[in-house]
Amino acid sequence: LVMTIYRSNILVVVLGMLALAVALIPSRANAALGVVTAITTGARPQTAALNPVTHRLYVAHDSSLPADSFVTVINTLTNTVVTTVPVQKTASNIAVNTVTNKVYVANADSNSVSVIDGATNSVIATLPSPGVETRAVAVDESMDRFYSAGHEWVVAWDGATNGVICTRQVAISGPNVSIQGIGVNPNNHRVLVSRYGSNPADAYDVMDGTNCALLYNNQQTCGTPSRQIVFNNADNHFYGMGYNSSIVAGWNGTTGNPDRCINTGVSGGGFGIGLDAPRQTLYASTDRQPLVKIDIATGNVIETLVTGLELAGVGIEPGACATNVFLADHFDNQVLVVKDDAAADLDGDGICDAIDNCPTVPNGPAQAGIPGVGNQTDIDGDGLGDACDPVPCPLFTPVMKSKVAGEVKGPLYVDVKIEQSLESLKITPIGSHDRNQTVATEVKVTVPSTAYRYCINNSDLEVNCFAPAAIGDE
């Protein structure tokens, strides 16, 4: 006799006295990128930088009107505006030193750098910058230095004194020369400069950040110059989304070679880029095109989110189970908050859904004091935590003993009838085909006395669980 019983998503098969339970866990598809909210800001939010230590997002507004050129400070835990900080005209780029809690703003039309104290949200210095149109800024936290760049000049600054350490002209001045973005490798202090040039039209340079020596000059790159550049320590590469392009360029952090060119598949409009280092993904923003999520290892586009908005700068705040992506929406005067729930924690128990055995019922470390619930307890080992398992009982192989015949020899192949009450489990053979063994008319189940609880399915498809004391040792 083979008895198959279906209940909920648990399949129990009884073959003779050998029981096998298979837990059919529903598949969990990767959650999509989704817009959480929009935070209203002032006019023309342009670029963004995030301090994950203080949970503050800094958004630079690039208006050429002094009254409209400022930095919006946002609390990323509550998605609310904390304050605004006035800076000089056309705040076109921004960077954060998470160690010193200082924020640096490149003011293009004022040709200066504003230094903001993240603790007080106030400007503590305004630094005139050599060259013209300071459009880019980046930080090297390992040396407490920051770098600014405009047109053809790059300046290295001391983060402690705000003094100039050195300067470097990377190109001959001309109508087409314009530095768009810079990035820093904190391991070897190399500074990548991405710019428009005269020959080639789109070029990059690599500078030694310790002394401003030019290591590589006027090199050809793929795509177009990038306004926002990130450095990924895991693969030793810079990455930038080409401005008004569909290409994400990747430069080797040691040689400076542009050895990765990732086609996002979108038609133009590229602007910002953000890095989720723990999950090794990039988020590229595009003008009225999708937000593009890219797997760094393969270079493949994982997912896109069409917003229909003009997306500019990107700020990334990786969480334990989800990543928040903050996007400056240039013409709608807001910051869009997008949650990437690929590793979400829907029940908030501290265990990401991808590995949570009860993704909708809290059963993590915080529930450790609840027997049979906390710390992902799964007594029957079926992949479903006891907190959400409709049959939270361990599987066991009954040991058959005959009341008349004594010890049973050899494996049994017995068709049985199962009866149960609150006091006992009764298994009556209704036919046997064992090896030279006569089976008595009544047998009982022997179970380990150390087991947590036991269950068995009867013909009414009901499930009863018994504590060891309820059924005894035999």
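Side-chain atoms are counted along with the backbone in the values below, which use heavy atoms only and exclude waters and symmetry mates.
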Open item on the list: I need the full list of disulfide bond (SG atoms under 2.5 Å apart) pairs touching residues 118-167, with sequence neighbours left out, sorted by first then second residue.
Closed with: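 Disulfide bond (SG atoms under 2.5 Å apart) check on residues 118-167 returns C166-C212.
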Any donor-acceptor pair under 3.5 Å from [X] side chain to [Y] backbone:
X	Y	result
H330	P45	yes
N93	R227	yes
E141	T98	yes

- [ ] Using salt bridge (Lys or Arg N to Asp or Glu O under 4.0 Å) as the criterion, list what pairs up with D276, not counting sequence neighbours.
- [x]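 Salt bridge (Lys or Arg N to Asp or Glu O under 4.0 Å) list for D276, sorted by chain: R279.
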Open item on the list: Using the salt bridge (Lys or Arg N to Asp or Glu O under 4.0 Å) criterion, which residues pair with D349? Sequence neighbours excluded.
Closed with: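 By the salt bridge (Lys or Arg N to Asp or Glu O under 4.0 Å) rule, D349 matches no residue at all.
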Open item on the list: If you compare all heavy atoms of I316 against all heavy atoms of T323, which two are closest, and at what distance to 0.1 Å?
Closed with: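 Here I316 and T323 meet closest at CG2-CG2, 3.7 Å.
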Open item on the list: Any non-hydrogen side-chain atom of M241 less than 4.5 Å from a side-chain atom of Y283?
Closed with: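 No - every pair of side-chain heavy atoms lies 4.5 Å or more apart.
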Open item on the list: Does any part of the side chain of S114, heavy atoms only, come nearer than 4.5 Å to the side chain of N107, both counted from C-beta?
Closed with: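 Answer yes - side chains close enough.
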Applying side-chain contact (heavy atoms from CB on, under 4.5 Å), name anything that partners [X], two or more places apart in sequence or on another chain.
X	answer
E133	R135, H151
C222	I247, A249, C261
D235	N232, H237, Y239, R260, I296

Open item on the list: Ring-plane angle category for F146 and Y104, please: parallel below 30°, perpendicular beyond 60°, tilted otherwise.
Closed with: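 F146 vs Y104 ring planes: parallel.
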Task: Sidechain N-carboxylate O distance under 4.0 Å for R145, D140 - done: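 Between D140 and R145 there is no salt bridge, as every charged N stays at least 4.0 Å from the carboxylate O atoms.
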Open item on the list: Checking side chain to side chain donor-acceptor pair (under 3.5 Å) between N363 and each of D378, N357, N375, D347, which is the one that passes?
Closed with: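 Of the listed residues D378, N357, N375, D347, the side chain to side chain donor-acceptor pair (under 3.5 Å) partner of N363 is N357.
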Open item on the list: side chain to side chain donor-acceptor pair (under 3.5 Å) for S148 and W157? Distances and angles first, verdict last.
Closed with: CA-CA 8 Å; S148 64; W157 304 82; 2.9 Å; yes
Task: Stepwise side chain to side chain donor-acceptor pair (under 3.5 Å) test for S110 and S112 - done: CA-CA 5 Å; S110 299; S112 66; 4.7 Å; no
